[in-house]
Amino acid sequence: MTDSTFDRVIQVLVRATGLSADVAMAEDTPLVGGGLALDSVAVVELLVGLEKEFQIELSADDLLKADALRSVGTITRLVNSKRQEKK
Amino acid sequence: MTPHRLLHDAASHLPEKPALVEAGRTLNYRQLLGAAEGFARHLRQIGLANCVVAIQMRNCIEVPVALLALDRVGSTALMLDPSLKGPETIRYCQMAKAAVRICSSDSTETGPSGTPVLPMPPLKELCASAASGGRDVVAAPASDDGIAVLLLSSGTQGPPKIVPKTSSQAGAAVGIFLRTLPYLENDHVLAVLPFFHSFGLFNVLLAGLTAGATLHIQPFSPREVVALVAAEGISALPATPFMFRMLAETEFRDPPDFSSIRLAMSAGSSLPTTILDRVRQKLGIGIAQSYGTTETGPISVTDPRVQAPVAGWVGKLYASVRVEIRNCDGNPSGMKQEGQIAVCSPAGATGYLGHGGEGDGPFRGQWILTGDIGRLDETGLYVLGRSRRIINIAGKKVSPAEVENCLLSHPAVADVLVASHRSPEGNDRVHATVVRRGDVGAVELQEYCARNLADFKVPRQIIFVQSLSRGAMDKVTEPNTSGTKG
């Protein structure tokens, strides 16, 4: 995982979900359930925001297979793998 | 008219037509009524006739089966959001005196539930049970005066309420809608709006099935929706403004083909003209905007072919709906005057569950005060503002009082003000201003809320201040701005 991708994912998270920019987010911070407690609306906003930021496509299947909504780190890894696929 | 009777005509005329399609599963109208009959038999056998039963499931085929079965045994369905947390679920089940909760097998609820869970039997078993039994096993359905469903509402003030709808009011909510925006037998309706919400229940699920259309149940995601529209020839697309915005913002490799859509409509919150324009430009469809509340049922709808005269226009009244604009004394204002929007509709509730009814909250005899400020003229109805404290999260309503009560129950919180914060994209978000009396940070408070409230109610931002100014009525007027983000 590159630091720059992680930082950009955090920026999209803050922008798309309205979370405080100064909330500490680590790789293992959960996105849903506990942690950031993103609801279904925020999750859709996050995905559309990530697609725009990284020029990638994310399907529901991708999220399910990669268990991508488990944490900030897992969604970042999915973004990285999608960017690799494009190259 | 009871939900079961509403569907009976379609089921009689179109027994083999697909009624519901979801993730590779299809139920035709005959099978739908058969499964409902089978489940009704099961409910009767375990003593769940003539009582209140909660349905707490994400949109799936089993929701209408359970709803129709409850109707058949004279029971009332309490429609609950599956994202509610344990304490919220307990509260609503206790308020409604629900005997059991019907949940999905994949439910991920947290905390104790209180009310026992009734697992939904497999559909095949239900259909087989109905086929093997006689027609008279199940009791006659409830009368039109019986309470058919209980819906949650943020209300116009205070904590959330439960709105009872009789079979007659439920039937009217469907009928009013279909007389103005008819679904057709050959329609393929996309069901992405939640069935526990009044519009999703009456104007998507029950209206679609009453018309004999085919409903495609699908969780919302822009790419899946576009794929389904193309694959199934979706012709009716009811959604929230948020969903339309997400469809317009997503970059698709090939331009989405929405040529099969003949009716797109927006409900749940006001539809900004920027979204309307972007959807028209990108997807080539116009959107009808439906305005209504859980208490009143549908009130008005715009014609997508007509350019909105000014912002706030919510179109012409639905058939059988009457609107008055009331001044601050509660008396009708003159034409074109601004005031509170009051509605009289055969789909309107007459009071909240467990409250006084007449004169209680927004209920004034046959009239219901919406809490919205508006104006009515020959071009239609305009909503100009809100007199109520409600936060609208992409169509889901949050009562600030409920979030404030949750935060105040934390030992380190002395005072709090919860309000809406609007993002640059126009989305409302829950924002809390907190006075601390102990050592606590924003993350801890957010986690505390997340244990007790559905995720969409959890404040996205928490600001700490030294004090909140209170007016004569003990209402917060403004925070002391020397605050810090936690």
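Note on naming: letters A, B, ... go to the chains in the order of the sequence lines (proteins, then strands), and numbering restarts at 1 for each one.
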Interatomic distance, A:S40 atom OG to B:K396 atom NZ [nearest 0.5 angstrom]
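One finds 4.5 Å between OG of A:S40 and NZ of B:K396.
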Supply the atom-to-atom distance A:L31 CG to B:D455 CG, rounded to the nearest 0.5 angstrom.
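So the CG of A:L31 and the CG of B:D455 are separated by 11.5 Å.
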Do [X] and [Y] come close enough that some side-chain heavy atom pair is under 4.5 Å?
X: A:V44; Y: B:F220; value: yes
X: A:E45; Y: B:F242; value: yes
X: B:S83; Y: A:D39; value: no
X: A:E51; Y: B:R223; value: yes

B:Q281, CD: over 12 other non-hydrogen atoms inside 6.0 angstrom
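Check fails, neighbour count at 12 or below.
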Which atom names give the shortest non-hydrogen contact between A:L38 and B:R460, and what distance separates them?
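Between these two residues, the closest heavy atoms are CA-NH2, 3.7 Å.
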Show, in sequence, the C-alpha distance, side-chain angles and deciding distance for B:R253 and A:E57, and conclude whether the salt bridge (Lys or Arg N to Asp or Glu O under 4.0 Å) test is met.
CA-CA 9 Å; B:R253 207 174 301 165; A:E57 290 184 15; 3.2 Å; yes
[X] portion near chain B, given a 4.5 angstrom heavy-atom threshold:
X: A:I56; result: backbone
X: A:V48; result: side chain
X: A:L58; result: backbone

Flag the pair B:E251 and A:K52 as a salt bridge only when some basic side-chain nitrogen lies within less than 4.0 angstrom of an acidic carboxylate oxygen.
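A salt bridge is absent here (no side-chain N lies under 4.0 Å from a carboxylate O).
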